[in-house]
Amino acid sequence: MGGGSGNSSTLYRVIMSTDITLVSRQLFALVDVNNFYVSCERAFNPHLINRPVVVLSNNDGCAVARSNEVKALGVKMGMPWFQLKDLVRQHGIIALSSNYTLYGDMSDRVMTILRDFSPYVEVYSIDECFLGLQGLGKLWPTATDMGQSIRNRIYQWTSLPVCVGFGATKTLAKLANHIAKKQPEFNGVCDLAMMPSSQLDALLSAIEVGEVWGVGRRISQHLHAAGIHTVKTLRIRQPLGCVPDSA
DNA sequence: ATGGGTCCT
DNA sequence: AGGACCC
């Protein structure tokens, strides 16, 4: 589900691409399957729907996918089995070994559907895909309509639930996807590119910097030390710490 | 007692 | 090789 890195150039990229004052006419979508491995298992075993389900890594060593019910019980991403098994017993969690053949096949189906929406697809991980949407014309009245169309089609053809985020950069599209996933009132689709700045500010001030793509524990710590806690502040305080090493 | 990647230093 | 980040 993806790679990453942590360093000063990452910070530079993150901060620059979070700065919506660098307005371009570019538009990206990020489509992401919710709880991907669990959703794949549910697509073929309806008994798993509405139950707490966790999918384990290769040697059943740790949790790599969690249903919402399991997240609510406090199971963390990457949690090792020895910490997990008590919770599994106490709460009747269903723990499954991973089936990568199935997930790869489902991933291919999703990506094939997405190629009908844009010729510019970047498969970022087994369950995530960026779409470049610049200059594609107006097949949908708004990006949000397109996002709902993507959701509906993928659900109808694969029974997998996805969320869709739109933004002027990949980082913003990813953040939009995050919002679409966390805030049910968005109905699984969030477009940050067409959002009034007052609403954008309200949203971004409620999101911790650590939620931004590429900002992990280490960079969060540095940002906190600089008094930057929310994505709204990260945007405003953009000049801080953004000088690349070569400058 | 822990998975599998990528990218950077 | 080890660190940081991603699912």
Side-chain angles (χ1 to χ4, degrees), chain A residues 1-18 28 30-41 53-68 70-71 74-89 93 95-104 106-108 110-111 114 122-130 160-165 167 169-182 207-225 231 234 241-247:
Chain A
M1 303 192 228
S5 64
N7 49 61
S8 56
S9 58
T10 300
L11 181 54
Y12 181 68
R13 173 183 63 75
V14 162
I15 289 175
M16 293 305 282
S17 56
T18 312
F28 294 98
L30 178 68
V31 183
D32 183 318
V33 183
N34 305 342
N35 313 330
F36 180 54
Y37 297 168
V38 168
S39 296
C40 289
E41 298 290 345
V53 179
V54 63
V55 175
L56 304 172
S57 63
N58 259 351
N59 291 336
D60 293 343
C62 68
V64 288
R66 303 160 294 152
S67 72
N68 292 343
V70 154
K71 288 175 186 174
V75 174
K76 302 297 182 198
M77 185 62 173
M79 187 180 267
W81 173 249
F82 74 91
Q83 288 175 8
L84 208 58
K85 60 181 178 184
D86 293 329
L87 287 169
V88 167
R89 193 165 20 81
I93 293 171
L96 303 173
S97 296
S98 42
N99 177 353
Y100 288 103
T101 309
L102 171 64
Y103 311 148
M106 296 298 275
S107 177
D108 289 342
V110 170
M111 302 309 170
L114 290 176
E122 179 189 340
V123 178
Y124 171 67
S125 75
I126 194 167
D127 76 322
E128 282 177 72
C129 185
F130 288 102
L160 293 174
V162 305
C163 287
V164 186
T169 67
K170 292 180 184 177
T171 301
L172 284 165
K174 228 173 181 303
L175 197 63
N177 187 286
H178 175 261
I179 292 166
K181 222 179 285 183
K182 293 245 166 162
I207 302 176
E208 301 269 328
V209 288
E211 304 296 329
V212 175
W213 185 27
V215 178
R217 285 235 322 253
R218 178 100 178 163
I219 290 175
S220 279
Q221 201 179 317
H222 279 113
L223 290 171
H224 273 75
V231 182
L234 178 64
C242 77
V243 179
D245 292 337
S246 56

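Just so it is clear: chains get the letters A, B, ... in the order the sequence lines come, proteins before strands, and each one is counted from 1.
- Rounded to a whole Å, the CD1 atom of Ile126(A) is 18 Å from the P atom of dG3(B).
- When each of dC7(C), dG3(B), dC5(C) is scored by its nearest atom to the side-chain atoms of Ser57(A), the top-ranked nucleotide is dG3(B).
- When the P atom is used for both dT2(B) and dC7(C), the distance is 23 Å, rounded to whole Å.
- From Met79(A), atom CE reaches atom OG of Ser57(A) across 13.5 Å, with rounding to the nearest 0.5 Å.
- Legend: residues meeting ring-ring contact (aromatic ring centres under 6.0 Å, His included) with Tyr100(A), ordered by chain and number and at least two apart, are Tyr37(A), Tyr103(A).
- Computed from coordinates, the Asp32(A) CG to dC6(C) P distance equals 13 Å when rounded to whole Å.
- Between Tyr37(A) atom OH and dG3(B) atom C1' the separation is 10 Å, expressed in whole Å.
- Of all nucleotides listed (dA1(B), dA4(C), dC6(C)), dA1(B) comes nearest to the side chain of Phe82(A).
- Taking OG of Ser67(A) as the reference point, atom CG of Leu96(A) lies at 10.0 Å (rounded to 0.5 Å).
- Atom CH2 in Trp81(A) sits about 18 Å away from atom P in dA1(B), given to the nearest Å.
- With dG3(B), dC6(C), dC7(C) as the choices, the nucleotide that has an atom nearest any side-chain atom of Trp213(A) turns out to be dC6(C).
- Across the protein-nucleic acid pair, Arg66(A) atom CZ and dG3(B) atom C1' stand 14 Å apart, rounded to whole Å.
- The side chain of Asp127(A) lies closest to dC7(C) when the candidates are dC7(C), dG3(B), dC5(C).
- If you take CG of Asn35(A) and P of dC7(C), they are 13 Å apart, rounded to a whole angstrom.
- Among the protein residues, Lys174(A) comes within range of the sugar-phosphate backbone only, with heavy atoms under 4.0 Å from sugar or phosphate atoms but none that close to a base.
- Counting only heavy atoms from C-beta on, Met77(A) has its side chain closest to dC7(C) among dG4(B), dA1(B), dC7(C).
- The two residues Cys163(A) and Asn34(A) come nearest to each other via the heavy atoms SG-OD1, 3.4 Å.
- Set against dG3(B), dT2(B), dC5(C), the side chain of Arg217(A) has dC5(C) as its closest nucleotide.
- Looking at the side chain of Cys62(A), the nearest of the listed nucleotides dG3(B), dC5(C), dC6(C) is dG3(B).
- Partners of Glu122(A) by side chain to side chain contact (heavy atoms under 4.5 Å, CB included), not counting sequence neighbours, listed by chain and number: Phe130(A), Lys170(A).
- We find that CZ of Arg218(A) is positioned 14 Å from P of dT9(B), with the value rounded to whole Å.
- Between the CZ atom of Phe36(A) and the P atom of dG3(B) there is a distance of 21 Å, given to the nearest Å.
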